[in-house]
Amino acid sequence: MRVFVTGATGFIGSAVVQELITAGHKVLGLARSDAAAASLAVAGIAVHRGSLDDLESLRCGAAMSDGVIHTAFIHDFSKFRENCETDRRAIEAIGAALAGSDRPLLITSGTGLLTPGRLATEEDVPTSDATAIPRVASEEAATAVAARGARVSVVRFPPSVHGDGDHGFVPLLISLAREKGLSAYVGDGRNRWPAVHRLDAAHLFRLALEKGRAGGGARYHGVAEEGVPFREIAGVIGRRLDVPVVSKTAEEAASHFGWFAHFAALDAPASSQRSRQLLGWQPQQPGLIPDLDRADGRYFDVLAATR
């Protein structure tokens with residue numbers, strides 16, 4: 001297949017690109033900048049210039065392809081709601097180019113959208129009421145384009161997708177612990193984060209592309225570990241940085257973590273049992289704690305974190 005990949009130079013997207021190429025597919029990678037275009041070209045990947053704001057570029061890239069994997073997202077939490085709406089429009093544009101065909105569209109969402117405090121499954125649907133997390137826009141867009149005849153499926157990932165090149169929540173916690181001189185958790189720290197390695201996430205995307213349900217409409221969970229206690233994450237960070245590991249009340253957490261306090265307290269275990277059964281997906285990479293605590297200390301290498 002010729003697959004159009006948005007976010008092709010990103011943390012997950014770059015792993016998806018390599019997974020697809022290794023399996024014999026051809027990739028058309030979306031590039032927003034000259035640097036991104038050069039990176040794709042050096043790897044021998046066809047370049048399609050555009051961005052999430054350039055809807056015509058997205059429609060064109062999708063029209064030239066046998067399928068689309070949409071991993072791009074603007075990770076600027078100061079404009080989170082605005083960026084979620086940008087994602088909605090991007091999915092709608094891609095879906096419009098694929099409507100009426102059997103070409104698959106895989107969009108990225110998160111298990112954190114689902115009801116907390118219980119084991120979330122692929123059958124769960126996030127709320128769309130006034131209390132909904134803005135990222136629900138992506139799944140709402142998927143539903144809308146499916147209604148117009150696009151073969152769209154949703155791939156949900158957990159709060160921690162880890163591995164080399166991670167610049168997400170775990171590196172943020174490490175930076176915060178360095179800055180504050182302590183590694184914190186909320187309450188008893190037993191709230192659970194599901195997790196997956198980026199290479200296992202990429203493998204799931206390929207399997208969903210190749211084996212996904214005809215007609216689309218499926219929801220897959222890229223979850224290797226159902227729930228890692230947050231206190232264990234904080235504990236490794238504290239030990240590796242040689243700083244105290246302390247509990248914060250909900251009130252103290254708001255000051256300590258800032259905008260991240262919601263995620264630090266999030267108890268959102270998730271299952272991937274149905275995805276494994278449907279696609280034959282079996283995660284092979286290290287879990288979050290072994291990856292974080294590995295001997296080379298890459299998560300704690302300040303120079304590596306800036307590359």
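Fair warning: this is a prediction, and the values are worked out from it, not measured in the lab. Values below: every heavy atom of this structure, side chains too, minus hydrogens, waters and symmetry copies. Residues: numbered from 1 along the sequence shown.
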* Structure fact -> Across all chains, not counting sequence neighbours, the side-chain contact (heavy atoms from CB on, under 4.5 Å) partners of S255 are none
* Asked: Is D124 paired with R118 through a side-chain N to carboxylate O contact shorter than 4.0 Å?
  -> yes
* Please answer: with hydrophobic residues joined when any side-chain heavy atoms are less than 4.5 Å apart, are V5 and V161 in the same cluster? => yes
* Under the 3.5 angstrom rule, does the side chain of Q285 hit a backbone N or O of P283 as a donor-acceptor pair? -> no
* Tell me, do R156 and V223 make a side-chain contact under 4.5 Å, heavy atoms counted? -> no
* Asked: So do the side chains of V155 and I107 get within less than 4.5 Å of each other, counting heavy atoms only?
  -> no
* Structure fact -> The reported gap from CG in L172 to CD in E179 (rounded to nearest 0.5 angstrom) is 9.5 Å
* Any donor-acceptor pair under 3.5 Å linking the side chain of D291 with the backbone of P286? -> no
* Pair F169-F260, ring-ring contact (aromatic ring centres under 6.0 Å, His included): steps then yes or no -> CA-CA 9 Å; F169 286 172; F260 191 73; 5.0 Å; yes
* For residues 26-59, which residue pairs qualify under ring pair (Phe, Tyr, Trp, His ring centres under 6.0 Å), counting only residues two or more places apart or in two chains? -> F4-H48
* To do: Quick one: sort the F263 and W259 rings into parallel, tilted or perpendicular, breaks at 30° and 60°.
  => perpendicular
* Carboxylate-amine/guanidinium proximity below 4.0 Å for R219 and E139 -> no
* Asked: Mind checking what makes ring pair (Phe, Tyr, Trp, His ring centres under 6.0 Å) contact with F230, not counting sequence neighbours?
  -> W193
* Asked: Shortest non-hydrogen contact from P244 to G181?
  -> CD-O, 3.3 Å
* Can you list every pair that meets salt bridge (Lys or Arg N to Asp or Glu O under 4.0 Å) and has a residue in residues 70-81, with sequence neighbours left out? -> none
* Asked: Looking only at side chains, do R198 and S14 share a donor and an acceptor under 3.5 Å apart?
  -> yes
* Structure fact -> Nearest heavy-atom contact between A261 and A254 is CB-CA, 4.0 Å
* Can you name the nearest heavy-atom pair linking A202 to V16, along with the distance? -> CB-N, 3.6 Å
* L52 side, atom CG; T86 side, atom OG1 - distance, nearest 0.5 Å -> 7.5 Å
* Asked: Any chance CZ of R148 has more than 12 other-residue heavy atoms, nucleotides or ligands included, within less than 6.0 Å?
  -> yes
* Asked: How far apart are the closest heavy atoms of L279 and G212, and which atoms are they?
  -> CD2-N, 4.3 Å
* Asked: Sub-3.5 Å donor-acceptor pair from the side chain of D267 to the main-chain atoms of P116, do we have one?
  -> no
* To do: Specify the closest pair of heavy atoms between R192 and G117, including all atoms of both residues, with the distance to one decimal.
  => NH2-O, 4.2 Å
* Asked: Under 3.5 Å, is there a donor-acceptor pair between the side chain of R151 and the main chain of R103?
  -> no
* Structure fact -> In this structure, CD1 of I133 is separated from SG of C84 (nearest 0.5 Å) by 9.5 Å
* Quick one: salt bridge (charged side-chain N to carboxylate O under 4.0 Å, His left out) partners of D293, sequence neighbours excluded? -> R239, R240
* Asked: What distance do C60 atom SG and L55 atom CG have between them, rounded to the nearest 0.5 Å?
  -> 13.0 Å
* Structure fact -> Applying ring pair (Phe, Tyr, Trp, His ring centres under 6.0 Å) to Y185 and not counting sequence neighbours gives none
* Got L182 and K248 here, is their nearest side-chain heavy-atom distance under 4.5 Å? -> yes
* Which residues share a ring pair (Phe, Tyr, Trp, His ring centres under 6.0 Å) with F73, sequence neighbours left out -> H75
* **N/O donor-acceptor pair under 3.5 Å between S57 side chain and G50 backbone** => no
* To do: Measure the CG-OG distance between D188 and S247 for me, rounded to the nearest 0.5 Å.
  => 7.5 Å
* Worked verdict on F300 versus L241 for side chain to side chain contact (heavy atoms under 4.5 Å, CB included) -> CA-CA 8 Å; F300 301 91; L241 295 181; 3.7 Å; yes
* Asked: So how far is it from I69 CD1 to L106 CG, rounded to the nearest 0.5 Å?
  -> 5.5 Å
* Note: E92-R89 ion pair, threshold 4.0 Å (strictly below) -> no
* So does D54 pair up with R59, basic N to acidic O under 4.0 Å? -> no
* So if you build clusters from Ile, Leu, Val, Met, Phe, Trp, Tyr with side-chain heavy-atom gaps below 4.5 Å, do L113 and V125 land together? -> no
* Any S183 side-chain heavy atom under 4.5 Å of I233 side chain -> no
* Say whether S128 and E140, considering side chains only, have a donor N or O and an acceptor N or O under 3.5 Å apart. => yes
* Under a 4.5 Å cut-off applied to non-hydrogen side-chain atoms, are I174 and L176 in contact? -> no
* **Listed partners of R274 passing side-chain contact (heavy atoms from CB on, under 4.5 Å), at least two apart** => E122, E123, R213, L278
* Sub-3.5 Å donor-acceptor pair from the side chain of T121 to the main-chain atoms of S271, do we have one? -> no
* **Within-4.5 Å side-chain heavy-atom neighbours: I289 and V236** => yes
* To do: Specify the closest pair of heavy atoms between G222 and L204, including all atoms of both residues, with the distance to one decimal.
  => CA-CD2, 3.2 Å
* To do: Carefully, step by step, assess L292 and I237 under the rule side chain to side chain contact (heavy atoms under 4.5 Å, CB included).
  => CA-CA 8 Å; L292 180 61; I237 293 172; 4.2 Å; yes
Can I get a per-line list of side-chain donor-acceptor pairs under 3.5 Å for residues 28-46, giving both atom names and the distance, sequence neighbours left out?
residue : atom : partner : partner atom : Å
S33     : OG   : A36     : N            : 3.1
D34     : OD1  : R49     : NH1          : 3.0
D34     : OD1  : R49     : NH2          : 3.2

Side-chain donor-acceptor pairs of residues 17-27 under 3.5 Å, sequence neighbours excluded:
residue : atom : partner : partner atom : Å
E19     : OE2  : H203    : ND1          : 2.8
E19     : OE2  : R206    : NE           : 2.6
E19     : OE2  : R206    : NH2          : 3.2
T22     : OG1  : Q18     : O            : 2.8
H25     : ND1  : M1      : N            : 3.2
H25     : NE2  : E210    : OE2          : 2.7

* **Pairs touching residues 223-238 that satisfy salt bridge (Lys or Arg N to Asp or Glu O under 4.0 Å), sequence neighbours left out** => none
* How about I91 and S138: do any of their side-chain heavy atoms sit closer than 4.5 Å? -> yes
* Using atom types as modelled and distance alone, determine if a side-chain donor or acceptor of N191 lies under 3.5 Å from a backbone N or O of A264. => yes
* To do: Check ring pair (Phe, Tyr, Trp, His ring centres under 6.0 Å) between H70 and all other residues, then give those that pass, not counting sequence neighbours.
  => none
* Identify whether the distance between the nearest side-chain nitrogen and carboxylate oxygen of D296 and R298 falls below 4.0 Å. => no
* So, S65 side chain and V68 main chain: donor-acceptor pair closer than 3.5 Å or not? -> no
* Asked: Do H162 and V170 touch side chain to side chain, with heavy atoms closer than 4.5 Å?
  -> no
